[in-house]
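First the structure, in the form of structure tokens, and then the observations on it.
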Amino acid sequence: QDKEKLKIFKLSDPPSAEMVKDMIKYARNVIEEFRRAKHYKYILCSCIMKGHLFIGFLDFFIPPSELLEICELSLDKMGAVFEDSNVYMLHMMYQAMGVCLYVQDWEGALRYGQKIIRPYSKHYPPYSLNVASMWLKLGRLYMALNNRTAGVKALKRAIAIMEVAHGKDHPYISEIKKELEDH
């Protein structure tokens, strides 16, 4: 299963071991860069004014559009070597989906979620809450985009996993079932 997680493209001329190693290094760096950018709210600054040292924090905010651009550029670059099922690709797609959700770009979030769900279902155990969470997000996105059929199907898949993981009487499951009834 680990080979599946680090899958590279099957090209007529496969990438060299060095190219794969460099891309893994790039992926790790860009993931860390994204993590810092996403959480970097304040930066420490110091300046000397009229002979006095002032130290303080500047409010520093990276707009979601720039965060999404980091994701998309890195996905393009990594996509030249890695398949969409590669864990580094999945991580950046998940981050891009999160940014799309934050800016209420439901179609964008849905596109990323649809790419993520199949590999998640392979990489995680059968009753993983990570997979259930992704089905839940997809279900809610489908519902928000007026695709009730796909939404109901996705929410039922989330419920099936959650019933095993949490038990049939868990409040989360009741909430989702109520959501289904209300739509």
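These numbers come from the heavy atoms of this one structure, side chains and all, not from hydrogens, waters or symmetry mates. Positions are given from 1 along the sequence.
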Using a 3.5 Å cut-off and no angle test, enumerate the donor-acceptor pairs between side-chain atoms of residues 138-149 and protein atoms at least two apart in sequence or in another chain.
residue: R140; atom: NE; partner: E179; partner atom: OE1; Å: 3.0
residue: R140; atom: NE; partner: E179; partner atom: OE2; Å: 3.1
residue: R140; atom: NH2; partner: E179; partner atom: OE2; Å: 2.6
residue: Y142; atom: OH; partner: Q114; partner atom: NE2; Å: 2.8
residue: N147; atom: OD1; partner: A150; partner atom: N; Å: 3.2
residue: R148; atom: NH1; partner: H183; partner atom: O; Å: 3.1
residue: R148; atom: NH2; partner: H183; partner atom: O; Å: 3.3

Contact check, side chains of M23 and K77, non-hydrogen atoms, under 4.5 Å: yes

In one Ile/Leu/Val/Met/Phe/Trp/Tyr side-chain cluster, 4.5 Å: Y127, V131: yes

Carboxylate-amine/guanidinium contact E32 R36, below 4.0 Å: yes

From CA spacing to verdict: side chain to side chain contact (heavy atoms under 4.5 Å, CB included), M97, M134: CA-CA 11 Å; M97 182 182 184; M134 187 56 63; 3.8 Å; yes

From L75 atom CG to D84 atom CG, the distance as rounded to the nearest 0.5 Å: 8.0 Å

Close side-chain approach of M162 and I176, heavy atoms under 4.5 Å: yes

Side-chain touch S74/Y26, heavy atoms, less than 4.5 angstrom: yes

L129 with Y120, same ILVMFWY side-chain cluster at under 4.5 Å: no

H91 NE2 to F34 CZ distance, which is reported to the nearest 0.5 Å: 7.5 Å

Side-chain touch H123/S85, heavy atoms, less than 4.5 angstrom: yes

Minimum heavy-atom distance A109-C100, with the two atoms named: N-CB, 3.5 Å

CD on E175 to CD1 on I159, rounded to 0.5 Å: 11.0 Å

All side-chain hydrogen bond (donor to acceptor under 3.5 Å, both in side chains) counterparts of K137, not counting sequence neighbours: Y94

Audit row: I31, R35, side chain to side chain contact (heavy atoms under 4.5 Å, CB included) steps and yes/no: CA-CA 6 Å; I31 287 168; R35 185 175 290 122; 3.8 Å; yes

Point-to-point distance, once rounded to the nearest 0.5 Å, from OH of Y112 to CD of Q95: 11.5 Å

Nearest atoms (heavy-atom pairs only) where A27 meets M78: CB-SD, 3.3 Å

More than 12 heavy atoms from other groups under 6.0 Å of CG on D169: no

Close side-chain approach of L68 and E72, heavy atoms under 4.5 Å: yes

ILVMFWY network linking I24 to M92, side-chain heavy atoms under 4.5 angstrom: yes

Rounded distance [0.5 Å steps], NE2 in H170 versus CD in E163: 12.0 Å

Distance in Å, S65 OG paired with L67 CG, rounded so as to fall on 0.5 Å steps: 8.0 Å

Candidate pair E83 and M89, rule side chain to side chain contact (heavy atoms under 4.5 Å, CB included), full reasoning: CA-CA 7 Å; E83 288 198 10; M89 294 288 287; over 6 Å; no

Heavy-atom side-chain proximity of L180 to K178 below 4.5 angstrom: no

Common cluster, I173/I161, ILVMFWY with side-chain heavy-atom separation under 4.5 Å: no

Joint cluster assignment, W106 & L155, ILVMFWY side-chain distance < 4.5 Å: no

